[in-house]
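Report on one structure; see the data block that follows.
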Amino acid sequence: MMSHVFPTYARWNIAPDYGKGSWLTATDGTTYLDFTSGIGVTGLGHRHPKVEAAIIKQLQKYYHTSNLFQQPNQEALAEQLSNVTGLGAAFFANSGAEANEAAIKLAKKATGKSKVITCNGSFHGRTYATMGATGQEKVRIGYGPMLSSFAYVDFNNSEQLQDAVDDQTAAIMVEIIQGEGGINLITEAFVATINEVAKKTGALIIIDEIQTGVGRTGKPFAYQHFDIQPDIVTVAKGLGNGLPIGAMLGKQELIQYFGPGSHGSTFGGNPVSTAAALAVVEEVFEEAFLQEVTTKGEFLKKQLIEKLKDQVTVKDVRAVGLMVGIDLVDKVKAASIIAELQNQALLVLPAGQNVIRLLPPLNVTEEEITIAVDKLTAIIKQQVETAK
Ligand SMILES: *Cc1c(COP(=O)(O)O)cnc(C)c1O
């Protein structure tokens, strides 16, 4: 059938019909175990009852009034996000890229400086500013010239960062785990350098938690695994369990730079999206829930390492909480394994050069993890011949 949608996405040949929890059923009747969570979005699984109830409750009051009115859901959500981060205020947007746009604007305005340092291999979005911030050439092809604000350093390269930051640097913008880039983990040493150069030059620290945030790594936010206090944190994917929402959180002393008229969005902080997000954070920010994420993440990682440790096709297994990457040797193609897993009714994601990325729902069960591990390891073991 002729599609009238721009073909910007290479679509999978699966037609989802309905979802429940970790499972997605297609129109042909196949039920898939969904370890994509809509690319790290439906962290509480499909159709979570509390999220659904919150959405319906808000729908029956009103679903838009505009930001001319104070929004009670925004106030409550901002307070929750502030409580877990210590950051004083939130600005609400509709997506990750928009949250990062707000962060870049605020950092420039607050410091009066223009340069933003980001990392090679990063992903920060596809708007004009954020594709410039993104340290991946392929995102920018054909769209030049980029904004001149951005300079790039290799991820985890402290020396390059020290050299790049100067008195014109407004901010250092970084992911704690590069998600799209291939589940690359930040090092303690790099975190220490970020702290040090930020302190020395007054550059702000922006942590992009769009993929890592809202419980994905077993903490409310991934930076909380480290000794770092960001000035700005951006959140999106997992925040609304599927309803579109982004948020930029900033320190108390930054509030003065985002006064009336300084920034805005018609839909930003929509009452239905924020109702969903409130239900999400109420669930996810519970200590017991986060502990479960950690436990299940360790269970998943341990099983993968045990079953794949002798595989010549596997370079590395990297994981924090329920954010997992299986890094494969070049000769086997992640894409073909992902396609084969679809035939076996397991949905997983690609990332980076040749990485299989797992982002199961945060409330996945150990039984579901075991099903996924068995399918994954069986298919990966079949690749040995190709790699020889
Ligand atoms: C997905 C993602 C973005 C962009 O979010 P959109 O909602 O697609 O604009 C930005 N940063 C990171 C780390 C992401 O994973």
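What you see below is based on every heavy atom in this structure, not just the backbone, and it leaves out hydrogens, waters and symmetry mates. Everything numeric in this text was worked out from a predicted model, so none of it was measured. All ligand and atom numbering here is 1-based and tracks the order in the structure.
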(message) Using a 4.0 Å heavy-atom cut-off, which part of Ala236 comes near ligand 1: side chain, backbone, both, or neither?
(response) neither
(message) Going by the rule ring pair (Phe, Tyr, Trp, His ring centres under 6.0 Å), which residues pair with His46 if we only count those two or more places apart in sequence or in a different chain?
(response) none
(message) Please report whether atom 7 (O) of ligand 1 has a protein non-hydrogen atom at a separation of less than 4.0 Å.
(response) yes
(request) Write out all pairs satisfying ring-ring contact (aromatic ring centres under 6.0 Å, His included) with one or both partners inside residues 285-338, taking only residues at least two apart or from two chains. (result) none
(request) Using a 4.5 Å cut-off on heavy atoms from C-beta on, say whether the side chain of Val314 contacts that of Gln383. (result) no
(request) For the residue pair Phe91 and His263, categorise the inter-ring angle as parallel (less than 30°), tilted (30 to 60°) or perpendicular (more than 60°). (result) tilted
(request) Determine whether the side chain, the backbone, both or neither of Glu175 has a heavy atom under 4.0 Å from any heavy atom of ligand 1. (result) side chain
(request) Can you pull out the closest protein heavy atom to atom 12 (C) of ligand 1? Residue, atom name and distance to 0.1 Å, please. (result) Phe123 O, 3.3 Å
(request) Please write down residue, atom name and distance for the protein heavy atom closest to atom 9 (O) of ligand 1. (result) Ala97 N, 2.8 Å
(message) Tell me whether Ser265 contacts the main-chain N or O of Ala93 through its side chain, where contact means a donor paired with an acceptor under 3.5 Å.
(response) no
(message) Quick test: of every protein heavy atom, which one is nearest to atom 11 (N) of ligand 1, and how far off is it to 0.1 Å?
(response) Asp208 OD2, 2.8 Å
(request) Decide if atom CG of Asn13 counts as having more than 12 heavy atoms of other residues, nucleotides or ligands within a radius under 6.0 Å. (result) no
(request) Please could you name the atoms of ligand 1 that Gln211 approaches to less than 4.0 Å, counting only its heavy atoms? (result) 15 (O)
(message) If you measure every N or O of Ile210 against every N or O of ligand 1, does any of those distances drop under 3.5 Å?
(response) no
(message) If we check side chain to side chain donor-acceptor pair (under 3.5 Å) with Gln211, which of these qualifies: Arg357, Gln178, Glu175?
(response) Arg357
(request) Using a strict 4.0 Å cut-off to heavy atoms of Gly96, name the atoms of ligand 1 that fall inside it. (result) 5 (O), 6 (P), 7 (O), 9 (O)
(message) Return the closest protein heavy atom for atom 2 (C) of ligand 1 as residue, atom name and distance.
(response) Lys237 NZ, 2.5 Å
